[in-house]
Amino acid sequence: GELKHDDLVNICELGQGNGGIVWKYCTFTNIDDHWCTWCQWFWNSLSPKKGIYLEVKPAVENQIVRELKVLDRCNSPYIVGFYGTFAAEGQINICMEYMDGGSLDLILKKVMRIPEHILGKITVAVLRGLSYLREHHRIMHRDIKPSNILVNHQGEIKLCDFGVSAQLINSTLQTFIGTRSYMSPERLEGAHYGIMSDIWSLGLSLVEMALGRYPIPPPSIEDIDRLFDVDPYGNQSRLEGYGCYKVLAIFELMEWIVNEAPPSLPQKHFSPEFCDLIDRCLKKSTTERADLNTLLHHPFYKRYATESDNQDVSLWIEQVYQKDQSLTNDNNNNQ
Ligand SMILES: Nc1ncnc2c1ncn2[C@@H]1O[C@H](COP(=O)(O)OP(=O)(O)OP(=O)(O)O)[C@@H](O)[C@H]1O
Ligand SMILES: NCCNc1nnc(-c2ccc(F)c(F)c2Nc2ccc(I)cc2F)o1
Ligand SMILES: [Mg+2]
């Protein structure tokens, strides 16, 4: 049925994005249904609510809500579930499936870097999600990056925050790039861009997750070797691992992406297939860059496409949260 603001109860804040806040919410269907004793909310209808602030006329707001209804028909194992949308107090609210493993940017903060076999499964999920959006809805994602790739404890990997509503895209500050850019050179230059731009963003996100840091400006070989000297759960602080790591301002960064050579993976620490896939995703020229179909036949994709279960991802997520929990306990005990 139609979702309304007062159906929702706020649980906690999941995280703050550049354009809005994501709250963990649940809905009451009717309040005498089974309740959890310790948490006083309806257990199996937990879902985050994303509020996107908009200053638009009601007519535009209605158009956005209408366009977002397409999400009702976005059904794929690689796309985050959608529960409904409504406008309230100048905000567009989007209720979606809760992914209890969070986004890959949060995961990356907990571990030094993500191992290649997990990155293989992530690659399979993103490429299948992009394929689904293109084949069934003729849309590209437009915002592929670690924070828009979500995981859960079942080991599922799904995409969210894709540009399903043209009017919402026009109304939000698309010019606002946030701290770091996953945008392709052609998009940064203001040229026409399409699905090939998502492929670049995937490549850049995979390099960041493989090395454990945003890969522009590219780390030196020494920096990378130093990175790999510590185990992935080592307490080594991130910056120590990168020597003279210099954070570029957003415009320096955009100039670097447009003018300098793209980042790549060191053959020393990654398989030749993974290095090749990254090189093909990060070609600066869209004519040289691999397209979706090429990648769906790439050896790196094929190596992980056959494994149908999510068991290995599920086990790894458990590990990440256990390690994280033990570190938290240690810190609490030491205080
Ligand atoms: N469906 C979800 N399940 C669980 N956590 C979520 C879900 N959607 C978003 N989050 C969390 O909320 C945080 C904020 O999301 P949001 O999309 O607003 O910002 P972002 O993707 O981090 O950055 P940006 O605003 O630049 O897109 C994310 O980093 C993610 O960890
Ligand atoms: N922090 C604010 C900036 N980030 C952002 N978050 N969501 C979007 C978004 C943009 C365009 C669009 F059409 C959507 F449906 C969008 N949202 C969206 C799409 C699919 C699902 I499933 C869930 C969503 F929130 O942009
Ligand atoms: Mg997001």
Side-chain angles (χ1 to χ4, degrees), residues 3 10-26 45-54 56 60-61 63-87 91-110 125-126 129-130 132-133 136-154 156-183 198 201 205 208-209 214 250 317 320-321 324:
L3 208 57
N10 177 3
I11 308 285
C12 70
E13 182 179 316
L14 276 175
Q16 176 98 17
N18 293 305
I21 299 177
V22 179
W23 300 94
K24 190 195 278 186
Y25 259 85
C26 77
S45 65
L46 181 80
S47 80
K49 171 178 81 86
K50 171 185 290 254
I52 299 182
Y53 307 119
L54 284 178
V56 291
V60 172
E61 204 172 71
Q63 181 187 351
I64 290 172
V65 168
R66 207 166 42 246
E67 289 177 345
L68 287 176
K69 298 278 188 213
V70 168
L71 287 170
D72 274 325
R73 291 186 283 107
C74 283
N75 299 310
S76 154
Y78 310 102
I79 301 291
V80 170
F82 169 74
Y83 292 159
T85 177
F86 59 91
Q91 273 197 49
I92 296 289
N93 294 283
I94 301 175
C95 294
M96 60 183 130
E97 171 186 5
Y98 175 58
M99 296 293 280
D100 61 5
S103 52
L104 292 180
D105 67 315
L106 294 186
I107 296 271
L108 203 52
K109 285 179 187 132
K110 296 179 189 302
V126 174
L130 290 178
Y132 171 82
L133 291 176
H136 292 78
H137 301 279
R138 297 195 314 284
I139 55 174
M140 65 179 281
H141 187 292
R142 308 178 89 88
D143 201 8
I144 290 286
K145 56 183 173 180
S147 69
N148 287 340
I149 305 171
L150 303 170
V151 297
N152 61 24
H153 279 75
Q154 289 83 359
E156 295 173 312
I157 303 167
K158 306 189 182 188
L159 300 178
C160 69
D161 299 354
F162 42 90
V164 66
S165 155
Q167 186 55 266
L168 180 49
I169 293 162
N170 297 339
S171 311
T172 45
L173 302 171
Q174 282 308 308
T175 49
F176 188 82
I177 303 195
T179 47
R180 296 173 309 195
S181 180
Y182 297 86
M183 287 188 184
D198 284 340
S201 308
S205 302
E208 174 177 4
M209 295 186 281
Y214 183 71
I250 183 70
I317 299 282
V320 167
Y321 280 90
D324 188 57

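None of the values given here were measured: they were computed from a predicted structure. Counting convention: from 1, in listed order, for ligands and their atoms alike. For the numbers below, each heavy atom of this structure counts, side chains included, while hydrogens, waters and symmetry mates do not.
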(request) Give the single entry among Leu168, Asp161, Leu71 that approaches atom 26 (O) of ligand 2 most closely by any heavy atom. (result)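 Minimum heavy-atom distance to atom 26 (O) of ligand 2 goes to Asp161.
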
Check ligand 1 against [X] and write out every atom of the ligand that is under 4.0 Å from a heavy-atom position of the residue.
| X | result |
| --- | --- |
| Met96 | 1 (N), 8 (N) |
| Leu106 | 31 (O) |
| Glu97 | 1 (N), 2 (C), 3 (N) |

(message) Between Asp100 and Asn152, do the side chains contain a donor N or O and an acceptor N or O under 3.5 Å apart?
(response) no

(message) Quick test of your reading of the model: are Lys158 and Glu97 salt-bridged, counting only N-O distances below 4.0 Å?
(response) yes

(request) Examine ligand 2 and decide if any of its atoms is less than 4.0 Å from a heavy atom belonging to Phe162. (result)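 Yes, Phe162 has heavy atoms under 4.0 Å from ligand 2.
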
(message) Under 3.5 Å between any N/O of Met99 and any N/O of ligand 1: does that happen in this structure?
(response)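 By distance alone, the answer is yes.
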
(request) Before signing off on this row, confirm whether Asp161 and ligand 1 have an N or O atom pair separated by under 3.5 Å. (result)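 Yes, since at least one N or O of Asp161 sits under 3.5 Å from an N or O of ligand 1.
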
Only heavy atoms of [X], strictly under 4.0 Å: list the atoms of ligand 2 that pass.
| X | answer |
| --- | --- |
| Ile52 | 7 (N), 8 (C) |
| Lys50 | 5 (C), 6 (N), 7 (N), 25 (F) |
| Val164 | 12 (C), 13 (F), 15 (F) |
| Val80 | 22 (I) |

(message) Nearest N/O/S atom of Asp161 with respect to the Mg ion (ligand 3), by atom name, please.
(response) OD2

Check [X] against [Y] and note the closest heavy-atom contact, atom names and distance.
| X | Y | answer |
| --- | --- | --- |
| Ile64 | Leu54 | CD1-CD1, 3.6 Å |
| Ile107 | Gly101 | CD1-O, 3.5 Å |
| Leu68 | Phe82 | O-CZ, 3.9 Å |

(message) Counting only heavy atoms closer than 4.0 Å, does ligand 2 sit against the backbone of Leu68, its side chain, both, or neither?
(response)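 Contact part for Leu68 vs ligand 2: side chain (C-beta onward).
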
(message) If we set the cut-off at 4.0 Å for heavy atoms, which region of Thr172 has an atom near ligand 2: side chain, backbone, both, or neither?
(response)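 Thr172 to ligand 2: no contact under 4.0 Å from either part.
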
(message) Under the rule for side chain to side chain donor-acceptor pair (under 3.5 Å), what residues qualify as partners of Asp198, not counting sequence neighbours?
(response) none

(message) List the residues meeting side chain to side chain donor-acceptor pair (under 3.5 Å) with Ser165, not counting sequence neighbours, and say none if there are none.
(response)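 Ser165 satisfies side chain to side chain donor-acceptor pair (under 3.5 Å) with Glu67 once adjacent residues are dropped.
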
(message) I need the contact type for Lys50 against ligand 1. Using non-hydrogen atoms and a strict under-4.0 Å cut-off, is it side chain, backbone, both or neither?
(response) side chain

(request) Could you tell me whether Asp100 approaches ligand 1 through its side chain, its backbone, both or neither, with non-hydrogen atoms closer than 4.0 Å? (result) neither

(message) Treating His141 as the side-chain partner and Cys160 as the backbone partner, does any N or O pair qualify as donor plus acceptor under 3.5 Å?
(response)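 Yes, the answer is positive, given that a donor and an acceptor are paired below the 3.5 Å cut-off.
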
(message) Using a 3.5 Å distance criterion without hydrogens, assess whether the side chain of Asn148 forms a donor-acceptor pair with backbone atoms of Asp143.
(response)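 Yes, the answer is positive, given that a donor and an acceptor are paired below the 3.5 Å cut-off.
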
(message) Distance check below 2.8 Å: does Asn148 bring an N, O or S atom to the Mg ion (ligand 3)?
(response) yes

(request) Take the angle between the ring planes of Tyr321 and His153 and call it parallel below 30°, perpendicular above 60°, tilted in between. (result)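 If you compare the ring of Tyr321 with that of His153, the planes turn out tilted.
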
(request) Run the ring-centre check on Tyr214 versus Tyr182 and record whether the distance is less than 6.0 Å. (result) yes

